[in-house]
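This report concerns only the one structure given below.
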Number of protein chains: 2
Amino acid sequence: MKASSETSIPLETAVTELSLAIGQLLRRLRAESNPDGLTWSQTVALARLEKAGPTTTADLARAESVKPQSMGATLAELEREGLVKRHPHPTDGRQVLFALTAEGVEARRKRNAAKQKWLLAAMAKLDPDERRVLLSATALIKRLAEAD
Amino acid sequence: MKASSETSIPLETAVTELSLAIGQLLRRLRAESNPDGLTWSQTVALARLEKAGPTTTADLARAESVKPQSMGATLAELEREGLVKRHPHPTDGRQVLFALTAEGVEARRKRNAAKQKWLLAAMAKLDPDERRVLLSATALIKRLAEAD
DNA sequence: TATTGTTATACTCTATAACTATA
DNA sequence: TATAGTTATAGAGTATAACAATA
């Protein structure tokens, strides 16, 4: 497994295969996920709020490559369910900071665990080396998603 | 880069990070894709028909983890646009085989190239080693998506 | 003027349920 | 009966456009 055997594949093909593969896995994840509980976009928003702390609609939208209106709809639904709470921005009256409530933290912990049960089981069947490749790839995928 | 430094991360965390990362990249791909042209699900269906040849609605649906009705809607739209054509199954009168038309082959080649321009550029900025990791990961992601 | 967020509206993707035709 | 596909309907996710409030 030294090197150039894989570099011979054209980059165009690799790019196509990668995007098809991630689409395929994401649909599988949706299909396997618990129908009760959080939707995909709600899960993502909660996870990001948990990692980043209080965040504005616009920042969340940028991070996930959606329009502020789309993220606003997701946050409004989470607020209606009591999982996030809005706080005024200390210096800018236009901005609104969203933060997890205690209920939101708990909901995320519990429901998210159920949601990813399937992927956890599938990963457990891989070799340790294969898991390491996926782990390295995760960081690269994030870098690609956040590249200029 | 031998081994166990990365195995110390809990599998739960790795799984969460992976699914968030692929969601993030898929949304970025959608946001960057040409608004004219094929939608994501149409692109996927055409790509699969090109690779597999004539295929039934049910088989396509299974491969992409969607219900036959959902895949049927995508195929009906592609048929309306003249990119795929339906053919009777030779022995089973219930089944319908879908295949690309010449126009479909051309549309896929041309529009798909434009659609993935952004990812191609982003991948080109990675190190060769990093591209190799992503290439290996692509196969693993497909295996996960197709696992039992 | 530029930015943040909201409201209104529409399109895509997918699901479930009920139906027809064929095996 | 069981399977392949269609039609009808609904919900989630996203987009664009038009607006209000604040910087």
Side-chain angles (χ1 to χ4, degrees), chain A residues 20 22-46 48 54-81 84-98 111 115, chain B residues 23-24 26-46 48 54-81 84-98 115:
Chain A
L20 290 176
I22 67 171
Q24 204 182 350
L25 181 54
L26 203 63
R27 289 208 260 204
R28 180 71 189 265
L29 277 169
R30 273 227 188 85
E32 295 286 345
S33 77
N34 191 338
D36 314 322
L38 300 169
T39 66
W40 177 260
S41 59
Q42 288 172 349
T43 301
V44 170
L46 287 185
R48 199 163 275 276
T55 313
T56 66
T57 307
D59 282 342
L60 287 169
R62 250 190 301 276
E64 293 296 333
S65 302
V66 297
K67 300 297 171 189
Q69 296 96 317
S70 305
M71 186 55 72
T74 299
L75 290 170
E77 178 60 21
L78 287 171
E79 187 185 26
R80 217 179 51 74
E81 294 177 14
V84 305
K85 196 164 176 306
R86 61 178 66 211
H87 303 275
H89 192 283
T91 63
D92 187 337
R94 294 170 304 180
Q95 297 185 43
V96 180
L97 290 166
F98 284 88
R111 296 183 185 162
K115 174 158 274 178
Chain B
Q24 204 182 351
L26 203 64
R27 289 208 260 203
R28 179 71 190 264
L29 277 168
R30 273 228 189 84
E32 295 285 346
S33 75
N34 191 339
D36 314 321
L38 300 168
T39 67
W40 178 259
S41 59
Q42 289 172 348
T43 302
V44 170
L46 287 185
R48 200 165 274 277
T55 314
T56 65
T57 307
D59 282 343
L60 286 169
R62 250 189 302 276
E64 294 295 332
S65 302
V66 297
K67 299 298 170 189
Q69 297 97 315
S70 305
M71 186 55 74
T74 299
L75 290 169
E77 178 59 23
L78 287 170
E79 187 185 27
R80 216 179 52 74
E81 294 176 14
V84 305
K85 199 164 174 305
R86 61 178 66 213
H87 304 276
H89 191 283
T91 63
D92 188 335
R94 294 169 305 180
Q95 297 185 43
V96 180
L97 290 165
F98 284 88
K115 174 158 275 181

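By convention in this document, chain letters (A, B, ...) are assigned in the order of the sequence lines, proteins followed by strands, and residues within each chain are numbered from 1.
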Item checked: Side-chain touch A/Thr39/A/Glu77, heavy atoms, less than 4.5 angstrom -> no
Checklist line | Along DNA chain D, first and last positions that approach a heavy atom of chain A under 4.0 Å | finding: D/dA12 to D/dA23
Note to self: Side chains of B/Leu29 and A/Ile22, heavy atoms from C-beta outward: is any pair under 4.5 Å?
What the structure shows: yes
Next item on the list: Ignoring backbone atoms, establish whether B/Thr39 has a side-chain N or O less than 4.0 Å from OP1 or OP2 of C/dC13.
Entry: yes
Next item on the list: For DNA chain D, find the residues of residues 69-80 of chain A with a heavy-atom distance under 4.0 Å and give them by number; none if there aren't any.
Entry: A/Gln69, A/Ser70
Checklist line | For atom CG of A/Leu26 and atom C1' of C/dT14, their distance in whole Å | finding: 13 Å
Next item on the list: In whole angstrom, give the distance that lies between atom CD of B/Gln42 and atom C1' of C/dC11.
Entry: 12 Å
Item checked: Contacts of B/Thr56 that satisfy side chain to side chain donor-acceptor pair (under 3.5 Å) - sequence neighbours left out -> B/Asp59
Item checked: With sequence neighbours excluded, residues passing side-chain contact (heavy atoms from CB on, under 4.5 Å) with B/Ala61 -> B/Val66, B/Pro68, B/Met71
Note to self: Among residues 85-94 of chain A, which ones have heavy-atom contacts with DNA chain C below 4.0 Å?
What the structure shows: A/Arg86, A/Arg94
Checklist line | Listed partners of A/Arg86 passing side-chain contact (heavy atoms from CB on, under 4.5 Å), at least two apart | finding: A/Glu79, A/Val96, A/Phe98
Next item on the list: Write down the distance between CZ (B/Arg30) and P (C/dT12), rounded to a whole number of angstrom.
Entry: 12 Å
Check: In whole angstrom, what separates B/Trp40's CH2 from C/dC11's C1'?
Finding: 18 Å
Next item on the list: Looking only at side-chain atoms of A/Arg27, point me to the closest of C/dC13, C/dT4, C/dT14.
Entry: C/dT14
Checklist line | Integer-rounded Å distance: C/dT4 P and A/Asp59 CG | finding: 8 Å
